[in-house]
Asker: 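First the structure, then my questions, so here it is.
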Amino acid sequence: MLEDESWSLFESLAFLDGGESASPILKKIGRVVVDKCKGLPLAIKMIGGLLLRYDSDVKKWKSLLDSEVWSIDVAKCKILPSLWLSYYHLPQHVQQCFAYFSLFPKDYEFQMDEMVMLWVAEGFIEGTPKIEQYEDVARGYFKDLLLNFFIQESRNGTSKFVLHDLVHDLAEYVSRGLCVDLRDINLQSRRLCYKKGEDEMLFYKSKVQKLSLLRTFLPIMRYWYQPYLCNKILSDMLSNFKFLRVLSLEGYSISVLPDSVGDMKLLRYMNISRTDIECLPLKICRLYNLQFLILRGCRRLKRLPANIVDLVNLRYLDVHGTPLEEMPDGIEKMKKLQVLSYHVVGKDKSEQMKEIKDLTNLHGKLKISGLNNITDKEHIVAAQLRRKEYLEKLVLDWEQIEGRDTTLDESVLDAIQAHENLKELTVRGYGGKRLPTWIVGMTPSSTIKLRSLCIDKCFNLETLLPLGNLPALVKLTITGSHCIQSLGEEFYGGNSMPFPALERFEIRDMYVLETWSLPGCNRQGFPSLKKLKIQNCPELMKFPICFPSLTGLEIDGCYKLPGPEMCGGASLGSLPALKNLTMRGVDRLESFNEEFYGDDCSNASFFPALERFEISGMRGLKTWCFPVGPGFASLKELRIIHCRELIKISFCFPCLTNLRIWYCDNLIEIEMFGGEEEGSDSTTYGHSLLSIAVIDCPKLEEIPKSFVNLVDVYCYSGCNKLASVPRLQHVRKLSLDGVSESLSLKAAIQDSTYLEELCVLRGYRNVAAELFSLDLSRLTSLKRLEIVFTEDDDCERFCWENDDKVEKSAPPNLSHLRIIGWSLQMSAKILTHFSNLSGALITNLVFFNCPALESFPPDVELPSTLQSLKITSCHALTTISDGFHSGCSNSLRELIIDDCSNLVCLPRSLSTLRSN
C-alpha cells in the first residue's frame, strides 16, 4: 500500500474516532509504526488493533515502538515483527488456542463451533462452568482472534473462516514440534492432522502406530468422497493411542469401530460422521470423559447403545441426518448436554418425552421427530420445553403416513409451548386444522423473538395465525398446506404495518390458494420484504404488489397469474427496487403489454431497477410488445427458455449484456425495436450485448447485425436455419453446433483477432475444409480448437497441405485441440500438419467419439510439446500401436483412455514414458 493509504488504514483501526482527537505524540509514534509495517495491510491491521487496546496510553505506545522485536531478521525466521508483537500481547490461554491452528494446512476453512469444540476437548479453556459455559468462553477467544485479525472470514461467502498465510506461518512457528510431520516423525509429537484422500499412502508408510503419546488424531476432508482406511491399521492404531483426547474418523469407509476405542479413557471428542458404522461398540459407554460425540450422516446406524446414557459428561450429541428409530431410555441422566441435535420418539416410546425435562441447558437446534407416536399430550407437557430458554431452533416433525390418525396433533402442538426466546421454528407434517397461539404470543405484549417460521406439509391446515404481528420475523415459508384458500385479514392480524421485519417469503405447493390480498384502503405492509417466491399455486389469481424494498421475485407454476386485479391496479413493472425477476409456467400471459408493465408505462419508466429477467415455460406467450415509455433501463441479463409459441422478440434493452434464448420452436426474429434505420435510437440497441446463446430455435435465421460487440457466441443444436451472424471482431469464444450450412465461417471470424476458443460441431458439412482454407495464422489469440468430422465430409478437401495455394500456417498460440468423429487417419493428417508447423505448441489433445477408429496408426506424429492425451468413447478402438507416443515421450504427463470398450490391451512402450 502507498504511504497515505497505509496511514489511513492505521488511523481507522488504532483510534476510536479515526484519529480526529488523537494527540500529536500518538500520531507521531503511529507514523513510525506504520513505516515499520512497510505497506503490508495485514501488518497494519494487526498492529493497529493491538494499539487500539492500549487506548491513548502514550507509555504503552512508546514501549511497543521501542520493542526489540522490530529488529528481528524477517528473512531468517520468516515472521513479521508486527505479527510477533500481536501474538506476544495475547493472553496465554488465547495463545494456546491460536497455536492450535498450525495443526491444519494453509487455506483450510473452518467454522467457529468446530474450533470451539476442539479447544474445549483439548483442555485449553479457562473458565468456571458454574458461572460461564466453557463453550461461551471459547467463543469469546475466537472472537478476540477475529477482531485482532489473526482469523479472517472466508471469501467464499460461507460462514467459515481462514488464516492468512503469514499468520499460519506464525502459528506453525510457535507450535513447532507439537504437530506430527508424516515425512519426519518425532515420537514426542502430540497432534496429527493430514488430508484424507491425498496423504493416505504417506500415512500408511510412516508407521504412526508408534506415536503412543498422541493426543489428537484429526484427518480432514478436502473432497466429498469416502476414502478407505485399512481395518488392521485402524485397530492397531486405536489400540496404541491410549492418551487421545481428540479422535476423528469422519468420512472413512468403515463399518466397524474396534472395541479398543473403549480403552481411551481420556477421550473427550469423537467424530465418526458419514461412516458406514452399523452399531457402536458397547465399550464406548465407558468413555466417561467424553464431551463431544458427533454421528452426523451415519446412514446405517439405527440405534444407539442402551448404556450410552452413562456418558454423564457428554455435552454435545449430534446425530443429524442419522436415521435413528428411537432413543435409549434414561437420557435424563445426561444433564450436561448442551446440544442434542435430534430426538426421535419411537413407537410405544411416548413417555420418553418426559426425560427431556431435566435437560435444561440445551442450546442451539433441537429436532423432535416421530411426534405422531405421542399417545398423551401430558407426556409433552412433562418435557417442559417452555423452560428451554437457550434453544434457538426447534423442528417439530410428524411422520408422513397415509391415513394416520391426526386426532392428537392439535393438543400435542398446543402442549409444546416453546420458550419465547426461540428464533427459528419449523412445523412439518402436522395434521391439525389450526396452529397454536403460542407461536405468535399468548398476549399482545408477548416478547416473541421468532425470526424464521416454516410451515411445511401441514395438509389439513385451514387457517393461519396473525403472523403479521410478529415483530422480528425475517423469513417465512408456507408449503404444502392444501386447505388454505386465501391469505387475508386473519393473516395480518389487524396490524397497520404487518410483517415489519420480513425479508424473505416463500409460498409453495398451495394447490387451492386463490387469493392473497391486503385488505384496507391505502394499507401498507411488508416494508422490508426483499425476496418473494410463489411456486406451484395453480389457482392463485392475484397477490398484492406493494413491496417497496422487493429485489427478487420468482413466480413458478402459477397458471392463472397475473390476475386482472393486482392490488389497486399496480403492476410488476411498478416495483421500484426489483432487480431479479423469474417467471415460469405463467400460462395465462399471451403478451407482455400494459397489464404487465403498468397503466402509466407511457409516462414513466417501467422496471427501473431490473437487472436480471428470466421467462421460462410460458406456453401462452406469443408476442412481446413494448409501450412508448422508457423501460428496462438497468437490465443486463435476459433468459427466454421453453417459450414455444413466441414468434418475435422486440429488442429494446439499452444496457443488456447477456442474452439466452433456448428451445423457442417458433421464434423467427429478434427485431431491433423501431427498426434499424440510420439515425434512429435503435441503432445503438445491441451495442452493449457481450454474450449470446441460442439453443434449439429451428426457425431463427439471423442474429442481428447490431450485436457488434459480442465476446461470447454459442449457437447450439437445432438452429438449422441460422445462416447469418454479425462480424465478430471482438469475439473470444465461438461455438457453432447444428447451424445452417450456408453460414459463412470466414465472414464471421475473418477479423476475429481476439478469438481464444473455437468450437465447430455437427450439422455443418465440410466446415473443416472451410476452416483450414483460412489463414489460421491470423488467429493469433486462438488457444483452443474443437472440431467435428462426419462421414459426409469431402476427404479431398482436407488435403490442403498438397495445395500450394493454401498457406501452410497454424494458429501460433494453439495449445488445446479436440477432434470429434470420423477416422483417426484423417484426423492424424491434420494433427501431423499442425505438429510440423513452426510455432505450434499443442499441449492438450483429445480424440472423442471416433466411431471409425479401430487402431491408433503407427505413422501419427504426436507433437513434442504434448502434455495431456485423452482418447474417449472410441468404441471401435482395439489396438494402439507400440511407440505411438515416441514424439512426446519426454513431455507427456497425462494419458487418459476412457470408455473404449473394445480396447484389448495397452502398448508395451508405455513403460518407457519418462514424465510423471
Side-chain angles (χ1 to χ4, degrees), residues 353 356-357 360 362-368 371 374 377-378 380-398 408-456 458 460-479 481 484 486-507 516-520 523-529:
M353 280 297 299
I356 294 181
K357 172 186 174 181
T360 56
L362 289 181
H363 287 62
K365 178 180 177 179
L366 170 62
K367 177 181 177 180
I368 305 175
L371 285 169
I374 296 294
K377 71 172 184 177
E378 294 303 321
I380 295 290
V381 173
Q384 296 188 7
L385 288 170
R386 66 180 181 277
R387 295 180 57 193
K388 308 296 186 285
E389 58 181 303
Y390 305 115
L391 273 183
E392 295 185 349
K393 304 177 183 179
L394 181 61
V395 178
L396 306 172
D397 197 354
W398 283 257
L408 282 178
D409 285 19
E410 289 187 6
S411 58
V412 167
L413 189 55
D414 281 343
I416 284 176
Q417 294 284 337
H419 195 278
E420 61 186 15
N421 285 345
L422 193 69
K423 294 180 180 178
E424 297 185 18
L425 173 64
T426 297
V427 180
R428 180 177 295 121
Y430 169 66
K433 297 181 179 181
R434 58 167 183 83
L435 293 171
T437 56
W438 62 260
I439 293 177
V440 294
M442 303 296 285
T443 64
S445 60
S446 297
T447 56
I448 296 295
K449 298 177 182 177
L450 200 63
R451 293 175 53 84
S452 174
L453 175 61
C454 176
I455 302 168
D456 182 28
C458 300
N460 298 329
L461 199 62
E462 295 179 352
T463 183
L464 292 171
L465 294 166
L467 301 177
N469 289 335
L470 290 169
L473 192 65
V474 174
K475 181 179 179 181
L476 175 60
T477 304
I478 307 173
T479 66
S481 294
I484 295 178
S486 66
L487 299 179
E489 187 61 46
E490 79 291 343
F491 184 49
Y492 303 109
N495 195 331
S496 60
M497 181 63 74
F499 297 101
L502 192 67
E503 295 181 4
R504 301 175 66 94
F505 186 17
E506 180 175 347
I507 306 173
W516 169 18
S517 59
L518 186 63
R523 190 177 188 182
Q524 298 295 312
F526 305 96
S528 305
L529 190 65

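A quick note: this is a predicted structure, and the numbers were derived from the prediction, not measured.
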Asker: Partners of E506 by side-chain hydrogen bond (donor to acceptor under 3.5 Å, both in side chains), sequence neighbours excluded?
Answerer: R508
Asker: Which residue is it: K388, K449, E389? I am looking for the one with a side-chain hydrogen bond (donor to acceptor under 3.5 Å, both in side chains) to N421.
Answerer: K449
Asker: Can you tell me how far the CD atom of Q417 sits from the CD1 atom of I380, to the nearest 0.5 Å?
Answerer: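 Reported value, rounded in 0.5 Å steps: 12.0 Å.
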Asker: Please enumerate all residues that pass side-chain contact (heavy atoms from CB on, under 4.5 Å) together with I484, with sequence neighbours excluded.
Answerer: L461, L464, S481, L487, M510, L513
Asker: Taking only residues two or more places apart in sequence, or in another chain, which ones meet K433 in a side-chain contact (heavy atoms from CB on, under 4.5 Å)?
Answerer: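 For K433 the side-chain contact (heavy atoms from CB on, under 4.5 Å) partners, ignoring immediate neighbours, are E410, E462.
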Asker: Tell me every residue that passes side-chain contact (heavy atoms from CB on, under 4.5 Å) with K367, counting only those two or more places apart in sequence or in another chain.
Answerer: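 If we apply the side-chain contact (heavy atoms from CB on, under 4.5 Å) test to K367, skipping adjacent residues, the hits are Y342, S369, V395, D397.
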Asker: For P498 versus P527, what's the shortest heavy-atom pair and its separation?
Answerer: O-CD, 3.9 Å
Asker: Which value, rounded to the nearest 0.5 Å, describes the distance between L408 atom CG and D414 atom CG?
Answerer: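 Separation between the atoms: 11.5 Å.
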Asker: In terms of relative ring orientation, are Y390 and H363 parallel, tilted or perpendicular, with 30° and 60° separating the classes?
Answerer: parallel
Asker: Look up atom CG in L422 and atom NZ in K393, then write down how far apart they are to the nearest 0.5 Å.
Answerer: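 It comes to 11.0 Å.
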Asker: Apply side chain to side chain contact (heavy atoms under 4.5 Å, CB included) to W438 and I448, showing your working.
Answerer: CA-CA 9 Å; W438 62 260; I448 296 295; over 6 Å; no
Asker: Can you sort out the partners of R428 under side-chain hydrogen bond (donor to acceptor under 3.5 Å, both in side chains), two or more places apart, ordered by chain and number?
Answerer: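 In terms of side-chain hydrogen bond (donor to acceptor under 3.5 Å, both in side chains), with neighbours along the sequence ignored, R428 is linked to D456.
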Asker: Going by the rule side-chain contact (heavy atoms from CB on, under 4.5 Å), which residues pair with P466 if we only count those two or more places apart in sequence or in a different chain?
Answerer: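 Per chain and number, P466 pairs via side-chain contact (heavy atoms from CB on, under 4.5 Å) with N469.
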Asker: Got a sec, which residues hit ring pair (Phe, Tyr, Trp, His ring centres under 6.0 Å) with F499, two or more places apart in sequence or on another chain?
Answerer: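 Partners of F499 by the ring pair (Phe, Tyr, Trp, His ring centres under 6.0 Å) criterion, ordered by chain and then number, come out as F491, F526.
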Asker: When you measure from the side chain of N460 to the backbone N and O of G431, does any donor-acceptor pair fall under 3.5 Å?
Answerer: yes
Asker: Hey, could you give me the CD1/CG distance between I416 and L425, rounded to the nearest 0.5 Å?
Answerer: 8.5 Å
Asker: Rounded to the nearest 0.5 Å, how far apart are CG of L467 and CG of L473?
Answerer: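 So the gap between those two atoms works out to 7.0 Å.
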Asker: Identify, with sequence neighbours excluded, every residue that meets side-chain hydrogen bond (donor to acceptor under 3.5 Å, both in side chains) alongside R387.
Answerer: Q384
Asker: Do you know which two heavy atoms are closest between E490 and T463, and how far apart they sit?
Answerer: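 Closest heavy-atom pair between E490 and T463: CG-OG1, 3.9 Å.
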Asker: Where is the tightest heavy-atom contact between S528 and P500, given as atom of each residue plus distance?
Answerer: OG-O, 2.8 Å
Asker: Considering all heavy atoms of both residues, which atom of L385 and which atom of I368 are nearest to each other, and what is their separation?
Answerer: CD1-CD1, 4.2 Å
Asker: Who passes side-chain hydrogen bond (donor to acceptor under 3.5 Å, both in side chains) against K357, sequence neighbours left out?
Answerer: none
Asker: Looking at every heavy atom in both L470 and L450, which two are closest together, and how far apart are they?
Answerer: CD1-CD2, 4.3 Å
Asker: Taking salt bridge (charged side-chain N to carboxylate O under 4.0 Å, His left out) as the test, write out the residues that go with E503, two or more places apart.
Answerer: none
Asker: Between the main-chain N or O of C458 and the side-chain N or O of W398, is there a donor-acceptor pair closer than 3.5 Å?
Answerer: no
Asker: Please step through side chain to side chain contact (heavy atoms under 4.5 Å, CB included) for the pair Y430 and L371, ending with a clear verdict.
Answerer: CA-CA 9 Å; Y430 169 66; L371 285 169; over 6 Å; no
Asker: Just jot down the ring pair (Phe, Tyr, Trp, His ring centres under 6.0 Å) partners of H419, sequence neighbours excluded, or say none.
Answerer: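 For H419, no residue satisfies ring pair (Phe, Tyr, Trp, His ring centres under 6.0 Å) once neighbours in sequence are set aside.
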Asker: Considering all heavy atoms of both residues, which atom of G432 and which atom of D409 are nearest to each other, and what is their separation?
Answerer: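 The answer is N-CB, 3.9 Å.
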Asker: Say you draw a straight line from CG of L394 to CD of E424; how long is it, rounded to the nearest 0.5 Å?
Answerer: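 So the CG of L394 and the CD of E424 are separated by 10.5 Å.
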